[in-house]
Amino acid sequence: MNDPTGRFDTETDAVYAGASASDDPFRFDEAVARVFPDMIRRSVPGYTTIVPMIGVIAARFARPDTALYDLGCSLGAVSLAMRHSVKVHGARIVAVDNAASMVERCRHYIALDDGQLPVALQCADIRDIDYQPASVVALNFTLQFLPPEDRDALLARLCQALTPGGALVLSEKVAFADAAEQSLLEELHLDFKRAQGYSEMEISRKRNALEEVLIPESIATHRQRLEAAGFEQVTLWHQSLNFVSILAIAPEATA
């Protein structure tokens, strides 16, 4: 089985199957890294559309001699999508993740890939690194794992790092203020997982593991935060159930 970009072989996700499955909070450890492409494809509706489309978006907004950041890169699916879409001279990809197991496997996949765009891989906390001038930033299901109180400052820093007219892609699981809407989309998401072959035990265990780790917010909250960070145009470009992707554009240079 392969990931949406067709570049990763993967094991079938059975992290939460069987009596020996851990009840610890969710971590991006070696067990998750081994099955991650299968896990995310079967857990996140729309993922197979979002990843290649980030490559398309990057191709539109990438500028010469700038960085293209893949923050929370996991195994590098977004980095590879950008690498095979962006053609501008001097652009480079900077892929960052704080999970050593993910970075190790990502390094392997990048080395096997035949793309020409340079990729610099860092094992680091995205809140701590020094950002270089960038024309594209991808936060693909990454911000949701940061404490909510840290999200504003990070997005403000990213907006400042972006060149005029640069783009940030923010993909997130979201929550809804309307209780009926929230309940319906949650139930449909559970149906999606069941249709992907997950058992009720696996679904329950993973939900419990993520409860205090992944903290979703509303689309309105994300929009307000992006605008407060300085982004000029904020567009919801993709939604599948309670998973969305937002495109935010940095202001153009003033005369």
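Residues: numbered from 1 along the sequence shown.
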Between L236 and S245, the two heavy atoms sitting closest are CD1-O, 3.6 Å
Using side-chain heavy atoms (C-beta onward) and a distance below 4.5 Å, is L75 in contact with M102? yes
All heavy atoms of V86 vs all of A91, minimum pair found to be CG1-CB, 4.3 Å
Open item on the list: Working note: S101 + D29, criterion side-chain hydrogen bond (donor to acceptor under 3.5 Å, both in side chains); need CA distance, chi angles, decisive distance, verdict.
Closed with: CA-CA 6 Å; S101 55; D29 56 14; 6.0 Å; no
- Determine yes or no for a side-chain-to-main-chain donor-acceptor pair under 3.5 angstrom, with R83 supplying the side chain and L117 the backbone. yes
For A77 and V51, the nearest pair of non-hydrogen atoms, with its separation, is O-CG1, 3.8 Å
Set out, in order, the CA-CA distance, both residues' side-chain angles and the distance that settles side-chain contact (heavy atoms from CB on, under 4.5 Å) for R63 and V136, then state yes or no. CA-CA 8 Å; R63 296 294 178 264; V136 177; over 6 Å; no
Q | E232 side chain near E227 side chain, heavy-atom distance below 4.5 Å | A | no
Interatomic distance, CG@L241 vs CD@E187, rounded to 0.5 Å, equals 11.5 Å
> Side chains of S135 and F61: does their closest heavy-atom pair fall under 4.5 Å?
Replying inline: no
**Under 3.5 Å donor-acceptor, R127 side chain and D150 backbone** = no
Fill in: Donor-acceptor under 3.5 Å (S85 side chain, A81 main chain)
yes
task: May I have the step-by-step check of side-chain contact (heavy atoms from CB on, under 4.5 Å) for S171 and T142, ending in yes or no?
output: CA-CA 8 Å; S171 307; T142 298; over 6 Å; no
* Can you find a pair of side-chain heavy atoms, one from I246 and one from H238, that are under 4.5 Å apart? -> no
One pair to check against side-chain contact (heavy atoms from CB on, under 4.5 Å): L190 and E186. What are the steps and the verdict? CA-CA 6 Å; L190 294 178; E186 280 185 349; 5.7 Å; no
Quiz item: Do Y16 and Y198 make the cut of ring centroids closer than 6.0 angstrom?
Solution: no
Worksheet entry | Ring-ring centroid check F243 H189, cutoff 6.0 Å | yes
Rounded to the nearest 0.5 Å, the CG atom of D13 sits from the OG atom of S43 at a distance of 6.5 Å
D38 and T12: side-chain donor and acceptor closer than 3.5 Å? no
Carboxylate-amine/guanidinium contact E30 R105, below 4.0 Å: yes
Q. Does E202 offer a backbone N or O that forms a donor-acceptor pair with the side chain of R207 under 3.5 Å?
A. no
Item to complete: Find out whether P52 and H84 are in side-chain contact, i.e. whether some heavy atom of one side chain is under 4.5 Å from a heavy atom of the other.
Response: no
| task | Indicate yes or no: at least one non-hydrogen side-chain atom of Y131 is less than 4.5 angstrom from one of L162. | result | no
Nearest heavy-atom approach of M53 to W237 is CG-CZ3, 3.2 Å
Given the rule that I, L, V, M, F, W and Y join up when any side-chain heavy atoms are under 4.5 Å apart, are L210 and F141 in one cluster?
yes
Output for pair (L168 CG, F231 CZ), nearest 0.5 Å, gives 4.5 Å
Side-chain touch L139/I126, heavy atoms, less than 4.5 angstrom:
yes
Do the side chains of R92 and D65 get nearer than 4.5 Å, heavy atoms only? no
As a quick check of understanding, evaluate side-chain contact (heavy atoms from CB on, under 4.5 Å) for N140 and V169, giving each step before the final call. CA-CA 7 Å; N140 199 42; V169 180; 5.6 Å; no
Closer than 3.5 angstrom, by distance alone: can the side chain of T235 be matched with the main-chain N or O of A248 as a donor-acceptor pair? no
Output for pair (Q144 CD, E172 CD), nearest 0.5 Å, gives 4.5 Å
Closest non-hydrogen contact found for R194 with I203 is CG-CD1, 3.7 Å
Practice problem: Following the transitive rule for hydrophobic clusters with a side-chain heavy-atom cut-off under 4.5 Å over Ile, Leu, Val, Met, Phe, Trp and Tyr, establish whether F145 and Y47 coincide in one cluster. | Solution: yes
So CE of M39 and OG of S74: to nearest 0.5 Å the spacing works out to 11.5 Å
In this structure, CD of E211 is separated from NZ of K206 (nearest 0.5 Å) by 14.5 Å
Count I, L, V, M, F, W, Y as connected when their side-chain heavy atoms are under 4.5 Å apart, and connections chain through other members. Are I93 and L71 then in the same cluster? no
A62 and V88 have their tightest heavy-atom pair at O-CG1, 3.8 Å
Review point. Does a sphere of radius 6.0 Å around CD in Q116 hold more than 12 heavy atoms from other residues, nucleotides or ligands, not counting ones at 6.0 Å or beyond?
Key: no
Flag, side chain of D70 to backbone of S79, donor-acceptor distance under 3.5 Å
yes
Quiz item: Is there a chain of hydrophobic side chains (I, L, V, M, F, W, Y, each step under 4.5 Å between heavy atoms) that links L214 to V32?
Solution: yes
message = Please say yes or no: joined through hydrophobic side-chain contacts below 4.5 Å, possibly via intermediate residues, are V244 and I215 part of one cluster?
response = no
Can you tell me if R225 uses its side chain to pair, donor with acceptor, with the backbone of L155 under 3.5 Å?
-> no
Within 6.0 angstrom of R27 CZ, more than 12 heavy atoms from elsewhere | no
- prompt: Between S183 and A180, is there a donor-acceptor pair closer than 3.5 Å when you use the side chain of the first and the backbone of the second?
  reply: no
